Amino acid sequence: TSPFAWLRTRFYYLLIRLYFDQEFSVEEFTRGAKQAFSVVSKLLSQRKLDLLDELVSAEVLQVLKEKISSLPDNHRDALAADIDAIMYTTEGDVRIYYDDDGIKFVSILMRFWYLNGANLPEEVPGETKVFQIVFGDESTKEKRHLLTANYEFQREFTEGVKPDWTITRIEHPRLLE
């Protein structure tokens, strides 16, 4: 990320701690986001969408139901991300919203890069290159693809509202479109 984006993100994290949640920790949030990403991506891969009610917004869940039903098996398999296979995580964007009714919420977009052994072609439809990594020697090589996903987490900070993070956007570029 650019230095400007990094500073902007850190400034928003400071605002979250000062005005919304004095206990907020970037490290703890990132750990939780990785765990949520792993759980949700596996449930998507297994088509267990009914188990996502508490984790994913109703709007996103409706879109996912439509997309998952027509997804080829190899693309569906590629959605699953084991927590140990997440290679890199970064914040994409942090936003703080207030509406006219006094409702306040925070939105954090997380980007994940993960390894997956799904049987994907070298080029995923849509001209996006899928990186392949070979583990082991030539006789026992195991192909893994380095894939990306973007998950947006949102939490309402209005007084009296349950303090849970909800996933409001799920993108697995060129896999879940």
Side-chain angles (χ1 to χ4, degrees), residues 1 5 9 26-95 105-156 162 164-177:
T1 57
T9 300
V26 178
E27 294 79 18
E28 186 178 322
F29 174 81
T30 301
R31 259 192 312 276
K34 285 170 81 170
Q35 185 176 14
F37 165 61
S38 179
V39 168
V40 169
S41 68
K42 287 177 186 176
L43 290 173
L44 286 175
S45 176
Q46 298 165 0
R47 293 184 184 172
K48 295 183 179 178
L49 302 179
D50 53 322
L51 299 177
L52 296 176
D53 284 340
E54 296 292 316
L55 301 171
V56 177
S57 72
E59 297 83 13
V60 171
L61 198 51
Q62 184 60 38
V63 171
L64 289 171
K65 286 178 181 178
E66 294 169 13
K67 290 181 178 183
I68 292 290
S69 65
S70 63
L71 208 59
D73 287 344
N74 61 343
H75 284 217
R76 196 171 35 83
D77 293 342
L79 296 175
D82 187 60
I83 198 159
D84 295 330
I86 299 172
M87 308 284 29
Y88 185 69
T89 304
T90 188
E91 307 91 7
D93 197 12
V94 178
R95 295 180 187 239
F105 59 94
V106 171
S107 174
I108 302 175
L109 177 66
M110 296 296 291
R111 295 188 175 151
F112 303 95
W113 284 263
Y114 64 102
L115 291 175
N116 183 286
N119 185 20
L120 293 173
E122 287 196 31
E123 290 292 327
V124 174
E127 305 298 322
T128 296
K129 180 72 176 158
V130 175
F131 296 95
Q132 294 183 16
I133 301 166
V134 178
F135 294 96
D137 62 18
E138 288 298 314
S139 62
T140 61
K141 65 183 176 182
E142 175 186 355
K143 268 194 210 179
R144 296 279 178 116
H145 301 280
L146 182 61
L147 302 171
T148 63
N150 301 315
Y151 280 48
E152 184 175 59
F153 296 84
Q154 189 176 85
R155 178 178 166 196
E156 186 174 339
K162 193 174 172 185
D164 291 336
W165 290 93
T166 303
I167 299 170
T168 56
R169 180 169 42 160
I170 294 178
E171 297 172 342
H172 285 262
R174 305 296 182 229
L175 293 175
L176 191 59
E177 290 187 343

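Remember, predicted model here, so these are calculated numbers, not experimental data.
For the atom pair Thr166 OG1 and Leu52 CG, the distance stands at 12.0 Å (nearest 0.5 Å). The line from CG of Leu71 to CG of Leu175 is 7.5 Å long, rounded to the nearest 0.5 Å. Rounding to the nearest 0.5 Å places OG1 of Thr30 at 5.5 Å from CD of Glu91. In this structure, CZ on Arg31 lies 12.0 Å from OG1 on Thr89, to the nearest 0.5 angstrom. Arg169 CZ to Phe153 CZ: the interatomic distance, rounded to the nearest 0.5 Å, is 11.5 Å.
A 4.5 Å side-chain heavy-atom check between Leu146 and Leu115 finds at least one atom pair inside the cut-off. A 4.5 Å side-chain heavy-atom check between Glu152 and Met110 finds every atom pair outside the cut-off.
Under the side-chain contact (heavy atoms from CB on, under 4.5 Å) criterion, Gln154 pairs with Phe105, Ser107, Thr168, sequence neighbours left out. Remark: Arg111 engages Thr90, Leu109, Trp113, Asn150 in a side-chain contact (heavy atoms from CB on, under 4.5 Å) (not counting sequence neighbours).
Residue-environment remark: CZ (Arg47) exceeds the threshold of 12 foreign heavy atoms within 6.0 Å.
Taking all atoms of both residues into account, the shortest heavy-atom contact from Val60 to Val56 is CG1-CG1, 3.4 Å. When every heavy atom of Tyr151 is checked against every heavy atom of Ile167, the shortest pair comes out as CD2-CD1, 3.9 Å. Ile170 approaches His172 most closely through the heavy-atom pair CG2-CD2, 3.9 Å. Shown here for Leu79 and Tyr114, the closest heavy-atom pair between the two residues is O-OH, 3.7 Å.
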Under 3.5 Å, side-chain donor or acceptor atoms of residues 63-70 against the rest of the protein: list the pairs with distances, not counting sequence neighbours.
unit_1: Ser69; atom_1: OG; unit_2: Glu66; atom_2: O; d: 2.9
unit_1: Ser70; atom_1: OG; unit_2: Lys67; atom_2: O; d: 3.3

Between side-chain atoms of residues 32-45 and protein atoms elsewhere (two or more places apart, or another chain), which donor-acceptor pairs fall under 3.5 Å?
unit_1: Ser38; atom_1: OG; unit_2: Ala81; atom_2: O; d: 2.7
unit_1: Ser38; atom_1: OG; unit_2: Ile83; atom_2: N; d: 3.3
unit_1: Ser41; atom_1: OG; unit_2: Phe37; atom_2: O; d: 3.0
unit_1: Ser41; atom_1: OG; unit_2: Ser38; atom_2: O; d: 3.1
unit_1: Ser41; atom_1: OG; unit_2: Ala81; atom_2: N; d: 3.0
unit_1: Lys42; atom_1: NZ; unit_2: Asp82; atom_2: OD1; d: 3.1
unit_1: Ser45; atom_1: OG; unit_2: Arg76; atom_2: O; d: 3.0

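At least one donor-acceptor pair closer than 3.5 Å links the side chain of Asn116 to the backbone N or O of Asp77.
Residue pairs satisfying the ring-ring contact (aromatic ring centres under 6.0 Å, His included) criterion with at least one member in residues 48-70, sequence neighbours excluded, are absent. Residue pairs meeting the ring-ring contact (aromatic ring centres under 6.0 Å, His included) criterion with at least one member in residues 51-70, sequence neighbours excluded, do not occur.
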